[in-house]
Structures are given as C-alpha cells and as structure tokens.
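Step one of this worksheet: look at the structure below.
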Amino acid sequence: MAQVAITVGAHHYRIAARDGDEIRIERLGEELAARAARLTKALGVMSEAQTLVMVALMLADELAEARSGGAAVAAAEAPAMPTPDLARLTRIVERLEALSST
C-alpha cells in the first residue's frame, strides 16, 4: 500500500492509499487544502480540528445538495415507461418455453 503526503495549512499528513490511487488522493488533498485556505482567509485563523470539521461540513453540504438535486433531475429526465404489450410478451414466453423443452 502506498503513502501519500498531504499538507493542510501548516500540518502534514501521511495517508495510506491503494496502489494506483496516489495521484487521485494527492488531488483530493490539494482540494482539501485549498478549501481550508479559503475558509481561513474568510473566517480567520482557527484550530486545525475546527478548520477540518468546517471543511468537512462544507463538503457534506455540497454532497447533500448534489444528491437531492441530482435525484430530482434524474427523475424528471427519465423517460416514461411504455405500456407493455401483454399479448406479444405472452407469445414470446410461449416460444421460449417451447424452445427450452425441445
């Protein structure tokens, strides 16, 4: 298992990553660090724990919005299910049954 170095503010972390996921983890760490820097600039210096919790809350809020908005959009864009042709389906099932018994 690989190790990835992430720096948030003045703090350095070594994070375990599956082989092949190192670049992805580094990019996620950079995003976390950038959000923490913006938050510190906007609200002032906070403890490391408070900064990370605030960033986590912001990310959780974005995720909740994406999930609720994404679900609504997906449902609105989903095509209406056609009414099945029961007679045709019955004929298909009968043919399959006949083929499977031979």
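Sequence positions, counted from 1, serve as the residue numbers for this chain.
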Self-check item: Leu52 reachable from Met58 in the ILVMFWY side-chain graph, under 4.5 Å edges
Solution: yes

Quiz item: If only atom types and distance count, is the side chain of Glu22 paired as donor or acceptor with the main-chain N or O of Gly20 below 3.5 Å?
Solution: yes

Exercise. With the side chain counted from C-beta on, respond yes when Met46 and Leu39 share a heavy-atom pair under 4.5 Å apart, and no when they do not.
Key: yes

Quiz item: Distance from Met1 atom CE to Asp19 atom CG, nearest 0.5 Å?
Solution: 7.5 Å

Exercise. Decide salt bridge (charged side-chain N to carboxylate O under 4.0 Å, His left out) for Glu62 and Arg35; before the verdict, give the C-alpha distance in whole Å, the side-chain angles of both, and the deciding distance to 0.1 Å.
Key: CA-CA 13 Å; Glu62 287 179 24; Arg35 287 172 181 260; 2.7 Å; yes

Quiz item: Measuring from Leu59:CG to Leu32:CG, what's the distance to the nearest 0.5 Å?
Solution: 7.0 Å

Quiz item: Can you name the nearest heavy-atom pair linking Ser47 to Gln50, along with the distance?
Solution: OG-N, 3.1 Å

Quiz item: Quick check: are there more than 12 heavy atoms from other residues, nucleotides or ligands sitting under 6.0 Å from CD1 of Ile23?
Solution: no

Self-check item: Donor-acceptor contact below 3.5 Å, side chain Thr40 vs main chain Ala37
Solution: no

Exercise. Side-chain contact test, heavy atoms from C-beta onward, threshold under 4.5 Å: evaluate it for Arg14 versus Ile6 and give yes or no.
Key: no

Practice problem: State the CD-OG1 distance between Glu30 and Thr7, to the nearest 0.5 angstrom. | Solution: 10.0 Å

Quiz item: What do you reckon, is CZ of Arg24 surrounded by more than 12 foreign heavy atoms closer than 6.0 Å?
Solution: no

